[in-house]
Amino acid sequence: AEFWEAFDYIEGLRAEPTLDHYGSQGDNIAINLKDFERTCGEYKLRVPDMRELKRYLKSSKTRRFIDANRTVRSHVRLNGSSVKCWIFQR
């Protein structure tokens, strides 16, 4: 739950998506965990241990886990480069 609270907080700070590489359209959310970790650090938010976090996210009920390390064309990064993301149902 802590992960999704941090995600919602960060995404709510600006009109454009910060962490969701799919942008705000569609049924799914694409998150690069390294970006999540870095952004949490910038906002002084506690980051769970990555191994624990990955285990927790695979059984996520809040937003159902779909896939790990899927290559996605980013709507967040400049030039729409490809990025490896964890995918969840919105």
Side-chain angles (χ1 to χ4, degrees):
E2 196 175 324
F3 172 84
W4 291 115
E5 287 172 16
F7 172 82
D8 289 336
Y9 172 76
I10 292 166
E11 287 293 279
L13 293 174
R14 299 205 319 237
E16 305 84 40
T18 303
L19 294 171
D20 183 1
H21 288 275
Y22 276 148
S24 51
Q25 310 91 7
D27 299 329
N28 296 330
I29 298 169
I31 303 170
N32 176 277
L33 295 183
K34 285 187 172 71
D35 287 353
F36 174 78
E37 193 173 31
R38 182 181 37 76
T39 306
C40 281
E42 289 171 12
Y43 289 102
K44 310 283 189 266
L45 299 173
R46 194 174 90 68
V47 180
D49 173 69
M50 270 302 147
R51 256 189 310 227
E52 269 180 50
L53 179 61
K54 288 176 180 180
R55 193 170 34 247
Y56 159 76
L57 288 176
K58 284 184 177 174
S59 62
S60 175
K61 302 276 188 282
T62 312
R63 291 162 177 144
R64 193 174 63 78
F65 170 76
I66 296 172
D67 197 10
N69 294 319
R70 183 185 292 179
T71 302
V72 169
R73 182 170 295 278
S74 176
H75 286 262
V76 174
R77 294 191 177 168
L78 296 173
N79 76 9
S81 60
S82 295
V83 62
K84 295 273 190 188
C85 291
W86 282 53
I87 312 298
F88 303 89
Q89 202 167 35
R90 191 174 298 283

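Heads up: numbering here begins at 1 and tracks the sequence. Only this structure's heavy atoms are used, side chains among them; waters, hydrogens and symmetry mates stay out.
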Exercise. Check whether more than 12 heavy atoms from other residues, nucleotides or ligands sit under 6.0 Å from atom CG of D49, and answer yes or no.
Key: yes
Quiz prompt | Student check: side-chain heavy atoms of L53 and E37 closer than 4.5 Å | solution = no
Quiz item: Distance from E16 atom CD to E11 atom CD, nearest 0.5 Å?
Solution: 10.5 Å
Practice problem: Could you grab the distance from atom NE2 of H21 to atom NE2 of H75, nearest 0.5 Å is fine? | Solution: 11.0 Å
Quiz item: Strictly under 6.0 Å, is that where the ring centroids of W86 and F3 end up?
Solution: no
Quiz prompt | Sub-4.5 Å side-chain heavy-atom contact between R63 and F7 | solution = yes
Exercise. For side chain to side chain contact (heavy atoms under 4.5 Å, CB included), just list the numbers for V76 and V83, CA-CA rounded to whole Å, side-chain angles, deciding distance to a tenth of an Å, and then say yes or no.
Key: CA-CA 10 Å; V76 174; V83 62; over 6 Å; no
Exercise. Taking all non-hydrogen atoms of both residues into account, name the closest pair between S82 and R77 and its distance.
Key: O-NH1, 4.4 Å
Quiz item: Distance from R90 atom CZ to I29 atom CD1, nearest 0.5 Å?
Solution: 5.0 Å
Exercise. Report yes if some heavy atom in the side chain of L57 is under 4.5 Å from a heavy atom in the side chain of L33; otherwise report no.
Key: yes
Quiz item: With a 4.5 Å heavy-atom cut-off, do Q89 and N28 have their side chains touching?
Solution: yes
Quiz item: Is there side-chain contact between C85 and N32, with heavy atoms separated by less than 4.5 Å?
Solution: yes
Practice problem: Determine the minimum heavy-atom distance between D20 and A30, stating which atoms define it. | Solution: OD1-N, 3.0 Å
Quiz item: In terms of hydrophobic clusters joined by side-chain contacts under 4.5 Å, are I66 and I31 together?
Solution: no
Practice problem: For the residue pair R46 and C40, establish whether any side-chain heavy-atom pair is separated by less than 4.5 Å. | Solution: no
Exercise. Measure the shortest side-chain to side-chain distance between V72 and I87 over non-hydrogen atoms and say whether it is less than 4.5 angstrom.
Key: yes
Quiz item: Heavy-atom distance under 4.5 Å between the side chains of L19 and T39, does that happen here?
Solution: yes
Quiz item: According to a 4.5 Å side-chain heavy-atom criterion applied to Ile, Leu, Val, Met, Phe, Trp and Tyr, with indirect links allowed, do Y22 and F36 form part of one hydrophobic cluster?
Solution: no
